[in-house]
Amino acid sequence: MTRNLQNKPSSLKRQAIEHFRDHVSSGKVAVFEKYGMDLVMGRRQGSYFWDLDGRRFFNLHCNGGVFNLGHRNKELIALLKDTLDELDIGNHHLLSQHRAELARVIAELMPGDLDYTVFGVGGGEAVDLAFKVARAYTGRASIISARGGYHGHTGLALAAGDEKYRKPFGPSAPGFVQVPFGDLNALASAADIDTAAVILETIPATLGIAIPPQNYLQSVRQLCDDKGILLILDEIQSGLGRTGKLWAFEHFQILPDMVILGKGLSGGLYPIAATILRKPLESVFHDDPFIHVSTFGGAEIGCRVARRVLEISAARGFLDRVNFLAKCFADKIAPLRDKHSDFLTGLRQLGLMMGLELKDELCGPLLTKAAYDHDLLMIFANNNPQVCQFLPPLIMDADDVDWIMERLDEALFSARQLKALVAPNNTE
Ligand SMILES: Cc1ncc(COP(=O)(O)O)c(C=O)c1O
């Protein structure tokens with residue numbers, strides 16, 4: 001189906017784009033212009049947002065989980081408003097009832113002795129702190145991460161990521177090693193007596209929703225135990241119910257030494273991130289409890305919101321619904337795969353953590369553009385463009401599944417046509 005995408009942007013939108021070009025990022029404006037995507041976010045509610053000119057999109061990206069509970073979740077907004085009548089950021093040097101309460105709820109919802117939480121503002125900061133704890137606790141320096149994994153763009157998190165993200169920015173922090181995700185032998189060869197920690201996303205999202213091979217995470221846990229290495233699981237995207245269990249690592253029956261949370265913990269409203277530690281690890285702060293601080297980390301307003309996010313996400317009915325929706329998508333994506341088999345080759349899925357597996361690396365960007373043209377925000381995985389991430393809000397209406405599938409079907413047709421234009425010898 002061809003659609004009229006020729007509407008001229010309003011002056012309001014044009015002005016926003018010009019100001020963005022002149023004062024935020026000329027490069028981003030150039031990229032979006034190149035692909036004919038003049039999207040500027042305007043109104044937003046639930047699973048949808050509208051661009052400044054009123055065009056509606058279904059959010060199948062959710063900022064990697066920030067909008068798990070939808071845009072402008074009404075209950076969380078009411079709570080935030082009430083909280084503003086009473087609290088502010090608080091003082092990060094002092095004891096805090098609200099940080100204590102949130103940390104207690106997290107500990108209750110975590111298995112084993114994952115009892116302590118250090119709060120941060122963003123995910124990268126929370127990852128940095130995990131590396132600091134691992135080094136202080138083990139007295140070792142080296143950190144192993146997965147090639148193509150992603151843990152943020154702050155100092156140490158950046159060093160644990162792929163070279164392309166750090167190359168222009170000068171010398172990288174020493175002590176980081178990368179191995180292919182899922183390759184236990186490579187990990188075993190890289191791990192030595194100086195390895196402090198292994199960090200993995202339980203389901204690496206930027207790597208294309210890579211579902212770990214059978215027994216991989218259990219074997220990684222065993223290897224870490226055997227060699228005295230700490231295991232850090234980054235659940236910034238996979239946690240909080242996304243996979244149909246509260247924590248993705250529950251699918252693999254393992255207990256990590258540290259867990260990283262961010263994104264969705266904010267309820268999409270107030271930034272907060274967390275590094276959760278097994279009880280013995282908290283000892284690294286005994287000598288000097290002020291050795292790590294974060295002015296806005298665990299801001300008290302955000303603690304209230306995050307606590308409610310956790311209560312909502314942990315509820316049995318909520319998780320049952322995630323699993324129900326996951327099955328609906330699995331059932332409806334299968335026939336699309338048959339219909340568009342020269343383009344859509346598979347579905348990577350754990351609950352509503354989904355990735356559309358495509359024929360080749362050209363397909364991800366093409367489907368992203370075609371989906372945009374059909375009112376779906378869906379983005380290819382940056383470290384594996386052969387996969388389009390498919391991450392609906394967990395609170396989405398089940399009635400929207402059919403509507404999304406119709407749009408996706410049309411988008412797949414368009415993407416195949418685009419592919420025939422841009423790569424005529426590569427369409428089979
Ligand atoms: C798995 C994962 N870890 C860490 C981060 C970094 O989080 P932030 O952007 O809040 O620093 C991200 C962000 O996309 C992420 O997806």
Side-chain angles (χ1 to χ4, degrees), residues 25 28 59-68 117-132 134 143-162 164-166 169 173 176 178 181 197-212 217 231-243 247-249 256 258-276 294-299 302 305-306 309 348 350-355 377-384 387-391:
S25 170
K28 277 193 187 167
N59 197 342
L60 287 169
H61 177 244
C62 284
N63 287 20
V66 172
F67 299 112
N68 278 347
T117 296
V118 181
F119 292 108
V121 181
E125 179 189 344
V127 168
D128 282 6
L129 187 269
F131 295 160
K132 284 164 63 175
I143 308 283
I144 304 178
S145 59
R147 202 165 293 142
Y150 181 73
H151 303 288
H153 282 172
T154 49
L156 300 178
L158 180 67
D162 285 11
K164 68 179 175 192
Y165 299 112
R166 41 190 159 83
F169 303 116
F176 288 84
Q178 283 190 299
F181 184 77
V198 170
I199 184 167
L200 297 171
E201 292 162 84
T202 314
I203 315 287
T206 311
L207 191 53
I209 318 292
I211 308 295
L217 290 172
L231 176 60
I232 306 167
L233 289 182
D234 180 340
E235 293 243 344
I236 284 178
Q237 295 217 26
S238 60
L240 295 171
R242 168 62 58 188
T243 66
W247 314 120
F249 64 77
M258 289 184 249
V259 180
I260 317 289
L261 302 180
K263 290 196 189 278
L265 197 59
S266 69
L269 293 173
Y270 203 98
I272 188 164
T275 312
I276 297 106
S294 170
T295 303
F296 300 124
V305 174
V309 166
R348 298 178 175 187
L350 198 57
L352 287 179
M353 187 135 197
M354 296 180 283
L377 182 71
M378 190 169 85
I379 302 183
F380 64 90
N382 214 28
N383 292 346
N384 182 2
V387 174
C388 244
Q389 298 175 338
F390 196 87
L391 304 167

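One-based numbering, in listed order, for ligands and for the atoms of each. Please read these numbers as outputs of a predicted model, since none were measured by experiment.
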I'd like to know if H153 contacts ligand 1, where contact means a heavy-atom distance under 4.0 Å to any ligand atom.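 Heavy atoms of H153 never come under 4.0 Å of ligand 1.
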Is there a heavy atom of V127 sitting under 4.0 angstrom from any atom of ligand 1?
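Checking ligand 1 against V127, which is what was asked, there is no heavy-atom contact under 4.0 Å.
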Could you tell me whether the side chain of [X] and the main chain of [Y] form a donor-acceptor pair under 3.5 Å?
{"X": "D162", "Y": "K164", "value": "no"}
{"X": "R242", "Y": "L352", "value": "yes"}
{"X": "E235", "Y": "V259", "value": "no"}
{"X": "E201", "Y": "Y150", "value": "yes"}

Would you mind running through ligand 1 and noting each atom that sits below 4.0 Å from a heavy atom of [X]?
{"X": "Q237", "result": "16 (O)"}
{"X": "G124", "result": "6 (C), 7 (O), 8 (P), 11 (O)"}
{"X": "G152", "result": "4 (C), 5 (C), 6 (C)"}
{"X": "E201", "result": "1 (C)"}

Residue pair K263 / N68, side-chain donor-acceptor N/O under 3.5 Å:
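There is no such pair between these side chains.
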Sole residue of L200, T202, T206, L207 in side-chain contact (heavy atoms from CB on, under 4.5 Å) with P204: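 Looking at L200, T202, T206, L207, the match for P204 under the side-chain contact (heavy atoms from CB on, under 4.5 Å) is L207.
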How far is [atom] from its nearest protein heavy atom, and which residue and atom is that?
{"atom": "atom 10 (O) of ligand 1", "value": "G123 N, 2.8 Å"}
{"atom": "atom 12 (C) of ligand 1", "value": "Y150 CE2, 3.5 Å"}
{"atom": "atom 3 (N) of ligand 1", "value": "D234 OD2, 2.6 Å"}

With nothing but distance in play, are any N or O atoms of K263 less than 3.5 Å from an N or O of ligand 1?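 Among all N and O atoms of K263, at least one is under 3.5 Å from an N or O of ligand 1.
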- prompt: Hey, are the side chains of L391 and I209 touching, using non-hydrogen atoms and a 4.5 Å cut-off?
  reply: yes
Beyond-backbone contact of V127 with L156, side-chain heavy atoms, under 4.5 angstrom =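 Of all side-chain heavy-atom pairs linking L156 with V127, none is under 4.5 Å.
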**Message:** Can you confirm whether some protein heavy atom lies under 4.0 Å from atom 14 (O) of ligand 1, or whether none does?
**Reply:** yes
